[in-house]
2 protein chains.
Amino acid sequence: MPEPAHVPSADATQQRLLQAAGEVFAEKGYHAATVREICARAGVHNIAAINYYFRDKETLYAETLRFAARSPLYENLTTEWPATAKPAEKLRWFIGLLVEKIVLACRDRPLWHMQLMMRELTQPSPIGERIAQEFIRPVYETLWAILREALPPGLSERKLHLISFSIVGQCMYHRLARHVIRIMVGEDEQATYDAETLTDHITEFSCRALGLDWKRPGPKPGTKRVSTRGGRK
Amino acid sequence: MPEPAHVPSADATQQRLLQAAGEVFAEKGYHAATVREICARAGVHNIAAINYYFRDKETLYAETLRFAARSPLYENLTTEWPATAKPAEKLRWFIGLLVEKIVLACRDRPLWHMQLMMRELTQPSPIGERIAQEFIRPVYETLWAILREALPPGLSERKLHLISFSIVGQCMYHRLARHVIRIMVGEDEQATYDAETLTDHITEFSCRALGLDWKRPGPKPGTKRVSTRGGRK
DNA sequence: GGGCGATTGAAACGGTTGTCTAAAACATTT
DNA sequence: AAATGTTTTAGACAACCGTTTCAATCGCCC
């Protein structure tokens, strides 16, 4: 018998538990999630496994959070720009990254990663507060670097913060309030809010607000170019 | 004896339970909240009181939500405008209302009202889904009316929605992600984000994005006017 | 004052939670 | 084959959850 064939689970049960715990924690939150459901979803017939591999439910949660925080966002966050890159292009790149990796994070990785992080960011628990801090700080520092270059130097740091919150707020709203949006515009229209649509809109809105001139990268002949305001008289 | 003097609780215990339940539900969520803590905070020495006045914990939650939804936002939401009112002024009024009543709702009414509604909007439960719908719809319809008047008529409804989410998203981010903001700028600076500051900034940002000309209402000599971009050459 | 509905009190219920214990099964090495 | 360390299993544990029960108490009208 060449194959070991003792394989109801080829991978370690510890990783299956982590995966299942991530899903349940993301869906129901820390309190509403139960160790029995986590074990059931992991295919582990034993609830003591959680206390065996991890110490508590609490450390399991912390471990799950630490796993979710290791996002591919970081790998893309540092980019070498050509000297000719305009500020508006960098801003569009950042907004696109935020939209793609956070707002619509459902294709390249299990969706519970961002679900869990959003939960921790909007309602931080003492368990994962530090993890959440380390998760978002580089995001904002990247945006601040872009804005400092794009905007006049006399700008106060306070105003810079407010501008960054205006930009990030536009992106995050489509995730944090996605249920509200679904109710307001319907499920069908919300489904058409893909990454490119949102990135284009938010970039255009923000660049106009900041006085940066920006042109849509691809002419995209299919979509009718609709200007929010005609050229000033 | 002119005073009844049987007054460990002058008001009905039912209302004290509703008040206490609102606080606990807002702080910890439905699952993490316990009937014992609600009774303790209400000063009721009996946990059966919840099942006596309300049927379940569930209907207590629904009742609490219904109470919170009766917001003073509605009273202010319909306003008769003078014929000379410019679109930018109406937009500023709407943003100010949103910022004051929702984002910084902590002075004119117990803060748990909006805390609870935000919880229900970001993570709707089957219990209060309908209540949440009726709560937010008039808000958006008011904004849509303002935008339709302010923007050129050729604008698609889809683009109108995206613009409204950009505006509301900026406002709501300061509440939904207030913990993130506190971590990023510090508690001291966040404390300076009062209603006027946020309203001014978001209105200026949005009006610039939409091409609406807007001037700060009061010159406010104390604050240094900082322009996000000099006049175009 | 006696009767009566409304309210409160204390205790207990069955069910579920997270955790622990000890033996069984397994894998690996001696 | 025996021994050893690791993983799984089954079961029980105390603690807590929301709910129920039933008697005690209160306010009020006849």
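All of these numbers come straight from a predicted model, not from anything done at the bench.
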Filtered N/O pairs between nucleotides 20-24 of chain D and protein, under 3.5 Å:
none

d([atom1], [X]; [atom2], [N]) in whole Å:
X      : N       : atom1 : atom2 : answer
Q14(A) : dT7(D)  : CD    : C1'   : 12 Å
F54(B) : dT8(C)  : CZ    : P     : 12 Å
Q15(A) : dT7(D)  : CD    : C1'   : 16 Å
R16(A) : dT7(D)  : CZ    : C1'   : 12 Å
Y52(A) : dG5(D)  : OH    : P     : 13 Å
I50(B) : dT19(D) : CD1   : P     : 8 Å
H45(B) : dA10(C) : NE2   : P     : 8 Å
K57(B) : dT16(C) : NZ    : C1'   : 13 Å

Check: Quick one: ring pair (Phe, Tyr, Trp, His ring centres under 6.0 Å) partners of Y61(B), sequence neighbours excluded?
Finding: F25(B), Y30(B)
Next item on the list: Just compare dG18(D), dT8(D), dG18(C) and give me whichever is closest to any side-chain atom of R36(B).
Entry: dG18(D)
Next item on the list: Please work out if Y53(B) contacts a base, only the sugar-phosphate, or nothing of the nucleic acid, heavy-atom cut-off 4.0 Å.
Entry: sugar-phosphate
Check: Just one of L97(B), I95(B), L98(B) clears the side-chain contact (heavy atoms from CB on, under 4.5 Å) bar with T199(B), so which one?
Finding: I95(B)
Margin query: As an exercise, state the distance from CZ of F135(A) to CZ of R130(A), rounded to the nearest 0.5 Å.
Written below: 14.5 Å
Note to self: Can you tell me how far apart CZ (R70(A)) and CG (L65(A)) are? Round to the nearest 0.5 Å.
What the structure shows: 11.5 Å
Next item on the list: Considering non-hydrogen atoms only, spot the tightest contact between I146(A) and P87(A) and give its length.
Entry: CG2-O, 4.3 Å
Margin query: With a cut-off of less than 4.0 Å, is there a side-chain N or O of T13(B) near OP1 or OP2 of dT8(C)?
Written below: yes
Next item on the list: Would you sort out whether Y193(B) and H201(B) count as a ring pair (Phe, Tyr, Trp, His ring centres under 6.0 Å), showing the intermediate values?
Entry: CA-CA 10 Å; Y193(B) 293 168; H201(B) 164 74; 8.9 Å; no
Next item on the list: Name the residue closer to the 5' end of DNA chain D, choosing between E58(B) and A49(A) according to the nucleotide with the nearest heavy atom.
Entry: A49(A)
Check: Under 6.0 Å between the ring centres of H113(B) and F67(B)?
Finding: yes
Check: Do F165(A) and F205(B) have their ring centres less than 6.0 Å from each other?
Finding: no
Notebook entry, point to check: Do any N or O atoms from the side chain of S206(A) and from the backbone of T203(A) form a donor-acceptor pair under 3.5 angstrom?
Noted result: no
Checklist line | Stretch residues 18-34 of chain A: residues that reach within less than 4.0 Å of DNA chain D through a heavy atom | finding: none
